[in-house]
2 protein chains.
Amino acid sequence: MPPKPRRTERRSDALSKERIIAAAIDVLDTDGEGALTFRALATRLTTGSGAIYWHVANKDDLLAATTDHVIAQAMTGARVDAAPDDAIRAIALAVFDAIHARPWVGTQISREPWQSGTRRIFEGLGQQLQALGVPERAQFDSASALVSYMLGLAAQYAAGARLVARKTSRTGFLTDVVARWTQDEPDQYPFVQQIADELREHDDREQFRAGIDLILAGIAAIR
Amino acid sequence: MPPKPRRTERRSDALSKERIIAAAIDVLDTDGEGALTFRALATRLTTGSGAIYWHVANKDDLLAATTDHVIAQAMTGARVDAAPDDAIRAIALAVFDAIHARPWVGTQISREPWQSGTRRIFEGLGQQLQALGVPERAQFDSASALVSYMLGLAAQYAAGARLVARKTSRTGFLTDVVARWTQDEPDQYPFVQQIADELREHDDREQFRAGIDLILAGIAAIR
DNA sequence: ACCTGAACACCGTTCAAGT
DNA sequence: ACCTGAACACCGTTCAAGT
């Protein structure tokens, strides 16, 4: 006699939060942030748009869940068995790479930073700061500085990717920004003028790494 | 004989980009980000919603202009005649205070960072980094790190304010965040557990200042 | 040149009705 | 318990028509 199906067992085509999240990630990856609507999601899941609300509170909830999913994955991939400062670099770069691969994660995490994705990052960095020997009274501020920096760069990167989608390439987008930033009132902005070439040609990942190093140097100096 | 009215002269009740920006700021300050619609704006300006499009390309353009207006004002207020590192602190705090007073500026500048508000901040910081004696090769990365950090904190602050609007107070909002961050799987998040009290009770402005100091210490260490 | 306001093509969300 | 899909209450944006 086969066991009675438990309440948690479901037909594989039944709707679930996991299936909805997977479909949402697929839409976001394939067609971009603007394409994620409940109607599109319902079509892809061959269901009614109202059905999604049985598993998900609303769009914010859905976006929070997808973002947390991606961040959790990225954090799992980060090598944390290295020296504490290298582990911090690894965590930061893992998050950077996840956002590089999916710019919509950057949009979401900078729009709603008080969610569990941020908690994961905070925890991962905090543990390494402790291992690094940062005094307890400085741990919160140090972790917070790292997180804020990462969120800020995530926002820039996501915004850039959104523009790239409309323009041709990344170079084209930065060329555009530099053009706008240097053309009017150039004498009012000598510094921007000076770093224009670097801005146009810099490597995002390298600059991100440099910023993390700067903050780590600051933490070391204060310690 | 009175002079012929020049083409740029207008009746005071005529629509203009400046009047639209002022009205938009008023709506945002008074009724929040959700209340800024072209219909609401048109009503406040006693005109048709389509008329606004004669002066403003679209909603993004309008938001960019309002944000730039506020940032320009904040930058003007920053005391830049002090020692370079204090001038950097002054600029950072001026921006922080502007966002504290108008959280919607934080939302906007972190959503669309590649706009003239960011250019102003970048320039202001860059000039002081030069005065500080930061070697030219490190100036771009240093300014970029400061800007990213500020944008990240702006995003957090704006998101917090959005939640506060729905909840009671700032304390209530942070109590909520801490509750969510500590209740499930507490053993997975020992660091978050440890800094829970600090997170709940910390002063945003002080923590922001601490982060700037950390980055400045890092810049000094690298120099 | 500038303004009007109805119309268009969308949204997220709700909810009575089904199974 | 879960799903359906029409309906509601919005949006930003366009555009023929006015002055």
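The chains referred to below are lettered A, B, ... by the order of the sequence lines, with proteins before strands, and numbering in each begins at 1.
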Item checked: Rounded interatomic separation in angstrom, taking CG from A:Leu41 and C1' from C:dC11 -> 14 Å
Next item on the list: Rounded to the nearest angstrom, tell me the gap between atom CG in A:Leu62 and atom P in C:dC11.
Entry: 15 Å
Note to self: Considering every strand and a 4.0 Å limit on heavy-atom distances, what is the contact class for A:Ile52: base, sugar-phosphate, or nothing?
What the structure shows: nothing
Notebook entry, point to check: B:Gln193 and B:Thr182: side-chain donor and acceptor closer than 3.5 Å?
Noted result: no
Check: CZ of B:Arg102 to OG1 of B:Thr67: how many Å apart, nearest 0.5 Å?
Finding: 10.5 Å
Check: Under 3.5 Å, is there a donor-acceptor pair between the A:Trp114 and B:Asp176 side chains?
Finding: no
Notebook entry, point to check: At under 4.0 Å between heavy atoms, what does B:Leu36 touch on the DNA or RNA strands: base, sugar-phosphate, or nothing?
Noted result: sugar-phosphate
Check: Between D:dC2 atom P and A:Lys17 atom NZ, what is the distance in whole Å?
Finding: 14 Å
Checklist line | Nearest-Å distance for atom pair CG/P, residues B:Leu45 and C:dG5 | finding: 14 Å
Note to self: Please report the distance, rounded to the nearest Å, between CD1 in B:Ile20 and P in C:dC2.
What the structure shows: 12 Å
Next item on the list: Indicate whether OP1 or OP2 belonging to C:dC2 is found under 4.0 Å from a side-chain N or O atom of B:Trp54.
Entry: yes
Checklist line | Test of ring centre spacing under 6.0 Å for A:Phe208 and A:Tyr149 | finding: yes
Check: Could you write out DNA chain C as a dot-bracket string, with dots for unpaired bases, | for bases paired across to another strand, and Watson-Crick or G-U pairs counted at under 3.5 Å?
Finding: ||.|||||...|||||.||
Item checked: Under 3.5 Å side-chain donor-acceptor pair for B:Gln108 and B:Glu112 -> no
Notebook entry, point to check: Quick one: CD1 on A:Ile91 to CD1 on A:Ile212, what's the gap to the nearest 0.5 Å?
Noted result: 10.0 Å
Note to self: Go through it in stages, so that I can follow the logic: the residues are A:Tyr189 and B:Phe122, the test is ring-ring contact (aromatic ring centres under 6.0 Å, His included), and I'd like the CA-CA distance, side-chain angles, deciding distance and then a yes or no.
What the structure shows: CA-CA 9 Å; A:Tyr189 295 90; B:Phe122 217 90; over 10 Å; no
Next item on the list: Consider only side-chain N and O atoms of B:Glu198 and A:Gln139, and report whether a donor and an acceptor are under 3.5 Å apart.
Entry: no
Item checked: Contact state string [nucleotides 13-19 of chain C, B base, S sugar-phosphate only, - no protein heavy atom under 4.0 Å] -> BB-----
Notebook entry, point to check: Using 4.0 Å as the upper bound for N to carboxylate O, is an ion pair formed by B:Arg209 and A:Asp141?
Noted result: no
